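Chain letters run A, B, ... following the sequence lines, proteins first and then strands; every chain starts at 1. Everything numeric here is computed off the predicted structure, so don't read it as measured data.
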There are 2 protein chains.
Amino acid sequence: MKNTNTVKKKPDTPDRSTEEKIKEAARTVFTRKGFAATRTRDIAEEAGLNLALLNYYFRSKEKLFEIVMLEKMQVFFGFIGPIIYDESTSLELKVEGIVSQYIDMLQDNPDIPFFIMGEARNNPAILANAMPRKDFLRNSIFIKQLKERKPDQDPYQFLLSMLGMIIFPFLLKPVFQKITDTEDPKFKQMMKARRELIPAWCRAILKLK
Amino acid sequence: MKNTNTVKKKPDTPDRSTEEKIKEAARTVFTRKGFAATRTRDIAEEAGLNLALLNYYFRSKEKLFEIVMLEKMQVFFGFIGPIIYDESTSLELKVEGIVSQYIDMLQDNPDIPFFIMGEARNNPAILANAMPRKDFLRNSIFIKQLKERKPDQDPYQFLLSMLGMIIFPFLLKPVFQKITDTEDPKFKQMMKARRELIPAWCRAILKLK
DNA sequence: GGAAAAATTAATCATTTGATTAAAATATTT
DNA sequence: AAATATTTTAATCAAATGATTAATTTTTCC
């Protein structure tokens with residue numbers, strides 16, 4: 001029987017693989033092509049399942065999308081909390097942590113930034129739930145330390161640059177590879193090198209003035 | 001009579017405004033929503049014209065899109081050529097020029113980077129025509145100067161960071177504004193401030209080691 | 001002014017796409 | 001094993017969408 005929108009009754013020992021297959025396929029296709037360009041048939045095909053099963057397990061394309069989006073936001077924002085709220089580490093150490101963790105994550109999930117920024121543009125409403133709270137950044141130790149170090153500069157200016165250095169290459173990847181004739185292994189190696197380069201550059205920036 | 005796909009016959013003194021209205025509307029809608037999420041009806045409505053006129057003046061959604069894409073690539077890559085091939089300016093001066101010109105352009109066309117990178121992902125083929133030649137960057141004076149300054153470092157590492165600092169904030173804009181509660185005027189002012197900040201940061205990075 | 005050409009419109013078509021349904025297949029329970 | 005519940009499938013629907021057509025209006029040119 002079809003799931004209602006009220007209570008989701010699950011059998012005791014279900015073969016979860018079908019539902020999980022759909023989610024996995026949805027992750028892949030949504031993240032690669034975005035909501036608008038993704039057809040439910042793409043997902044069904046990617047999962048190797050009948051189209052109707054998408055609506056059977058999840059109510060609609062939108063609901064399925066929301067689940068994927070929530071997961072991805074978690075991955076994208078999840079790990080910086082512990083770093084930027086750590087009272088015991090220096091600014092420089094925080095930068096190192098953010099850089100290396102972000103680059104590791106992006107090597108595994110290169111489509112995430114584009115996915116999140118794209119949907120944030122097209123459908124700001126859907127982000128409202130998954131987005132970090134307003135004061136998540138503002139109240140962080142990281143921002144406090146930045147203000148102390150550079151009292152006369154907006155701390156978000158540095159943050160934007162640091163994130164730009166980390167994330168932007170992954171966004172530019174298709175264009176960059178085409179223009180510079182860079183193959184995947186070489187690109188990966190470059191990104192790995194940036195784990196050392198970016199913190200060094202940030203230190204130089206923070207020392208200024 | 002309808003235009004054929006062979007020769008486009010134009011009257012001598014046509015009122016070009018209809019064709020131009022369509023192109024202008026197509027620029028707006030395509031750039032904001034991307035190819036897949038744009039419906040031809042959106043463009044017709046934006047232009048205040050009958051839907052059939054799109055196919056009358058341009059053959060198809062794809063053809064219209066190609067025109068817009070070509071234009072945008074021109075805007076995005078067009079102005080850096082004269083700067084990076086200038087034999088008479090220093091590395092630092094080139095950085096200043098790139099930063100200020102890019103930020104000016106992005107203030108006027110904030111949707112461009114996302115548009116180009118998005119379509120580069122979804123439809124790499126369509127870029128092939130409009131993309132700069134393989135050696136456009138490699139043979140530039142800018143890259144040569146970077147190699148001289150930092151012989152033991154891939155010059156594209158610096159380039160990626162510089163572009164990241166410039167462009168990334170415009171990509172993150174919707175997310176950033178939501179998280180930090182930054183209104184448009186404040187954001188604009190921040191971007192203006194980066195015209196001075198980024199060159200200073202780049203100088204610090206180039207002085208390293 | 002009138003014929004020819006060009007531009008515009010409303011109606012319609014064919015395909016795509018998200019969703020639904022009823023029947024069939026499979027699993028679970030008693 | 002029968003009965004019941006759950007899962008899966010094939011067929012279909014309704015709306016959306018890119019495109020076309022035939023008729024109408026407007027412009028051009030003699």
Side-chain angles (χ1 to χ4, degrees), chain A residues 1-26 29-30 32-69 119 122-123 126, chain B residues 1-26 29-30 32-69 119 122-123 126:
Chain A
M1 187 203 275
K2 195 172 173 303
N3 288 327
T4 69
N5 52 0
T6 55
V7 181
K8 181 150 193 176
K9 194 166 135 210
K10 272 282 170 52
D12 289 334
T13 51
D15 176 22
R16 281 295 183 81
S17 73
T18 296
E19 189 169 345
E20 191 44 50
K21 269 186 214 159
I22 295 174
K23 274 215 294 217
E24 186 53 39
V29 183
F30 274 140
R32 191 169 56 221
K33 318 214 306 180
F35 179 81
T38 295
R39 292 161 301 176
T40 53
R41 281 165 177 80
D42 295 336
I43 299 174
E45 192 182 351
E46 171 84 20
L49 294 170
N50 187 290
L51 169 64
L53 290 172
L54 301 214
N55 295 73
Y56 177 75
Y57 282 99
F58 307 89
R59 301 268 300 150
S60 65
K61 183 187 176 187
E62 273 81 7
K63 292 261 186 241
L64 183 53
F65 179 79
E66 273 176 42
I67 292 170
V68 172
M69 170 57 90
E119 303 304 328
N122 302 338
N123 194 354
I126 214 166
Chain B
M1 187 204 273
K2 193 171 174 309
N3 289 326
T4 70
N5 54 359
T6 54
V7 181
K8 182 150 192 173
K9 196 167 135 208
K10 270 285 170 49
D12 291 335
T13 53
D15 176 22
R16 281 296 182 82
S17 72
T18 296
E19 190 169 344
E20 192 44 49
K21 270 186 213 160
I22 294 175
K23 273 214 294 216
E24 186 54 39
V29 183
F30 275 139
R32 191 171 55 222
K33 318 214 307 181
F35 179 80
T38 295
R39 292 161 301 177
T40 53
R41 281 165 177 81
D42 296 337
I43 299 175
E45 190 182 353
E46 171 83 20
L49 295 169
N50 187 291
L51 170 64
L53 289 172
L54 301 213
N55 295 76
Y56 178 76
Y57 283 100
F58 308 89
R59 301 268 301 151
S60 65
K61 184 186 175 187
E62 273 81 9
K63 292 260 187 244
L64 183 52
F65 179 78
E66 273 176 42
I67 292 169
V68 172
M69 170 57 91
E119 303 304 328
N122 302 337
N123 195 353
I126 214 167

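What separates CZ of B:Arg59 from P of D:dT21 is a distance of 11 Å, to the nearest Å. As a whole-Å value, the separation of B:Leu53 CG from C:dT8 P is 5 Å. For B:Glu19 and C:dT8, the CD to P distance is 10 Å, given to the nearest whole Å. Atom OH of B:Tyr57 and atom C1' of C:dT9 are 13 Å apart (whole Å). What separates CD1 of B:Ile22 from P of C:dT9 is a distance of 10 Å, to the nearest Å. In this entry the distance linking CZ of B:Phe58 with P of C:dA7 reads 12 Å, nearest Å. As rounded to whole Å, 8 Å separates atom P of C:dG18 from atom CD1 of A:Ile43. Rounded to whole Å, the distance from CG on A:Leu64 to C1' on C:dA19 is 14 Å.
When every heavy atom of B:Glu19 is checked against every heavy atom of B:Phe58, the shortest pair comes out as CG-CZ, 3.7 Å.
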Close N or O pairs between protein and nucleotides 13-18 of chain D (under 3.5 Å):
from   : atom 1 : to      : atom 2 : distance (Å)
D:dT17 : OP1    : B:Arg39 : NE     : 3.2
D:dT17 : OP1    : B:Arg39 : NH1    : 3.1
D:dT17 : OP2    : B:Arg39 : NH1    : 2.8
D:dG18 : OP1    : B:Thr38 : O      : 3.4
D:dG18 : OP1    : B:Lys61 : NZ     : 3.3
D:dG18 : OP2    : B:Thr40 : N      : 2.7
D:dG18 : OP2    : B:Thr40 : OG1    : 2.7
D:dG18 : N7     : B:Arg41 : NH1    : 2.9
D:dG18 : O6     : B:Arg41 : NH2    : 3.4

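Distance CG/B:Leu64 to OH/B:Tyr57: 13.5 Å, rounded to 0.5 Å. Note that the CD atom of A:Glu66 and the CZ atom of A:Phe30 stand 10.5 Å from one another [nearest 0.5 Å].
With sequence neighbours excluded, the residues satisfying salt bridge (charged side-chain N to carboxylate O under 4.0 Å, His left out) with B:Lys33 are B:Asp42. Scored by the side chain to side chain contact (heavy atoms under 4.5 Å, CB included) test, B:Leu49 finds B:Thr18, B:Lys21, B:Ile22, B:Ala47, B:Leu53 as partners (sequence neighbours excluded). Evaluation of the salt bridge (charged side-chain N to carboxylate O under 4.0 Å, His left out) rule for B:Glu45 yields no partner, not counting sequence neighbours.
Residue B:Asn50 is the one, among B:Asn50 and A:Ala52, whose nearest nucleotide of DNA chain C lies closer to the 5' end (criterion: closest heavy atom).
The side chain of B:Tyr56 places no N or O atom within less than 4.0 Å of a non-bridging phosphate oxygen (OP1 or OP2) of D:dT21. An OP1 or OP2 oxygen of D:dT7 is reached within less than 4.0 angstrom by no side-chain nitrogen or oxygen of A:Thr18.
A perpendicular orientation is assigned to the rings of A:Phe35 and A:Phe65, their planes being inclined by more than 60° (bins at 30° and 60°).
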